[in-house]
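Encoded as structure tokens, the structure appears first; notes follow it.
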2 protein chains.
Amino acid sequence: MIQSLTDLDREHLQEALNKSGQKVTSQREAVFTVLLAERDHPTVDEVFNRAREVMPGLSLATVYNCLETFVGCGLVRQVNHERESTRYCPNLSPHAHFRDKETGRVHDIELPPEVIKSLRAILPPGFDSEIIEISFQGRAQAKDNSAN
Amino acid sequence: MIQSLTDLDREHLQEALNKSGQKVTSQREAVFTVLLAERDHPTVDEVFNRAREVMPGLSLATVYNCLETFVGCGLVRQVNHERESTRYCPNLSPHAHFRDKETGRVHDIELPPEVIKSLRAILPPGFDSEIIEISFQGRAQAKDNSAN
DNA sequence: GTGAGACTTTGAATCATTCTAATTAGTCAA
DNA sequence: TTGACTAATTAGAATGATTCAAAGTCTCAC
């Protein structure tokens with residue numbers, strides 16, 4: 001069952017939206033709640049279905065809009081794997097993604113600062129990168145804790 | 001103008017295809033030639049248009065098929081950026097990709113073995129990865145040599 | 001030269017995503 | 001309260017990359 005947002009999370013949402021001149025709406029709150037409730041990198045469709053349990057009138061277009069808004073104000077990250085549907089991730093700390101070939105599940109992998117540094121170091125002069133995306137593919141031993 | 005394949009490249013193509021029980025056809029040769037001619041990570045459509053200059057009857061589906069075949073037998077790599085059209089890359093040495101935000105161009109960045117090692121090292125036990133993909137996004141100073 | 005299997009072709013179908021136009025909700029001023 | 005303004009939401013159509021299905025062609029072993 002989907003809990004409602006903690007006060008802290010609601011503040012977080014409000015602050016991020018306000019900072020870019022946008023409003024907290026019940027739809028945005030619902031979508032954000034869904035993202036935080038189960039941190040399993042859901043697709044738009046998955047978010048849509050989960051959110052509708054709580055807000056039946058919600059439209060798919062709105063879910064797209066909300067997620068785009070959140071990405072725009074830095075509340076969530078997109079995760080793409082090849083041409084599969086885009087997935088969404090509310091984990092903001094620097095991390096890589098590991099995609100299990102068998103299940104399609106995506107796991108977060110913590111990314112230590114020195115690794116990031118060594119990656120930046122391989123860029124030739126003149127290349128300046130704000131964003132680095134790292135994704136592994138392979139097999140993850142079932143160790144089904146931390147449901148990423 | 002599109003040159004034809006060198007003998008070496010033709011052998012390379014032949015060997016890779018044969019190894020997986022597939023044949024060299026004139027279409028595959030044309031598509032492969034296009035990929036090697038200009039190493040700029042073309043989309044399917046770009047490959048299609050270039051290849052048709054040399055083989056007017058070629059169909060789009062065949063270009064999709066050829067590229068899929070090449071990926072399957074390890075002759076080329078796919079490069080995806082968000083939901084843009086997939087691009088194709090005949091560079092087989094380990095490398096990352098850098099996507100210039102302004103131009104959309106993709107550049108290859110050589111990937112030293114020790115960086116790969118340090119990346120593998122961040123995987124928790126139980127995670128086994130065959131493939132690591134690294135992509136940078138940012139600005140590349142116009143230094144328009146090596147047309148990647 | 002025939003037949004089997006691999007490859008190619010055309011055009012239709014799919015599917016995620018984006019767009020458009022119309023509606024609703026929220027806010028502020030009078 | 002009323003109206004006016006703006007941002008957000010909605011439903012459904014449109015888009016665009018990719019895949020699929022069916023029919024046609026080629027090649028090579030026999």
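So that the names make sense, note that chain A is the first sequence line, chain B the second, and so on, each numbered from 1.
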Using a cutoff of under 3.5 Å, can you pull out all pairs of nitrogen or oxygen atoms linking the protein to nucleotides 25-30 of chain D, with atom names and distances?
none

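Every pair passing side chain to side chain donor-acceptor pair (under 3.5 Å) that includes a residue from residues 121-130 of chain A is listed here, sequence neighbours excluded: A:Glu130-B:Lys101.
Taking the ring centroids of A:His41 and A:His97, they lie under the 6.0 Å cut-off. The distance between the ring centers of A:Phe70 and A:Phe32 falls below 6.0 angstrom.
Within residues 61-78 of chain A, the residues that have a heavy atom under 4.0 Å from DNA chain D are, in order of number, A:Ala61, A:Thr62, A:Asn65.
Scanning for salt bridge (Lys or Arg N to Asp or Glu O under 4.0 Å) contacts around B:Lys117 gives an empty result, with sequence neighbours left out. Not a single side-chain hydrogen bond (donor to acceptor under 3.5 Å, both in side chains) links A:Ser26 to another residue, sequence neighbours left out. Shown here are the salt bridge (Lys or Arg N to Asp or Glu O under 4.0 Å) partners of A:Glu102, two or more places apart in sequence or in another chain: A:Arg139. Every salt bridge (Lys or Arg N to Asp or Glu O under 4.0 Å) that A:Glu29 has, sequence neighbours left out, goes to A:Arg10. Residues that satisfy the side-chain hydrogen bond (donor to acceptor under 3.5 Å, both in side chains) test with B:His12, not counting sequence neighbours, are absent from this structure. Under the rule for a side-chain hydrogen bond (donor to acceptor under 3.5 Å, both in side chains), A:Glu110 has no partner lying at least two apart in sequence or in another chain. Residues meeting the side-chain hydrogen bond (donor to acceptor under 3.5 Å, both in side chains) test with B:Gln137, sequence neighbours left out: B:His81.
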N/O donor-acceptor pairs under 3.5 Å from side chains in residues 72-80 of chain A, not counting sequence neighbours:
residue : atom : partner : partner atom : Å
A:Arg77 : NH1  : A:His95 : O            : 3.3
A:Arg77 : NH1  : A:His95 : ND1          : 3.3
A:Arg77 : NH2  : A:His95 : O            : 3.4
A:Gln78 : NE2  : A:Tyr88 : OH           : 3.2
A:Asn80 : OD1  : A:Thr86 : OG1          : 2.8

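If you check every strand for non-hydrogen atoms under 4.0 Å, A:Thr25 touches sugar and phosphate atoms only. Heavy atoms of A:Gln22 sit under 4.0 angstrom from primed sugar atoms or phosphate atoms, though from no base atom. Contact annotation for A:Thr43: no contact, since no heavy-atom pair falls under 4.0 Å across all strands.
The interatomic distance linking A:Arg28 (CZ) with D:dT10 (P) rounds to 11 Å, in whole Å. Between the CG atom of A:Leu17 and the P atom of D:dA7 there is a distance of 15 Å, rounded to whole Å. Remark: P of D:dT15 and CZ of B:Arg83 are 18 Å apart, rounded to the nearest angstrom.
Nucleotides of DNA chain C lying under 4.0 Å from heavy atoms of chain B occupy a range whose first and last members, 5' to 3', are C:dA6 to C:dT17.
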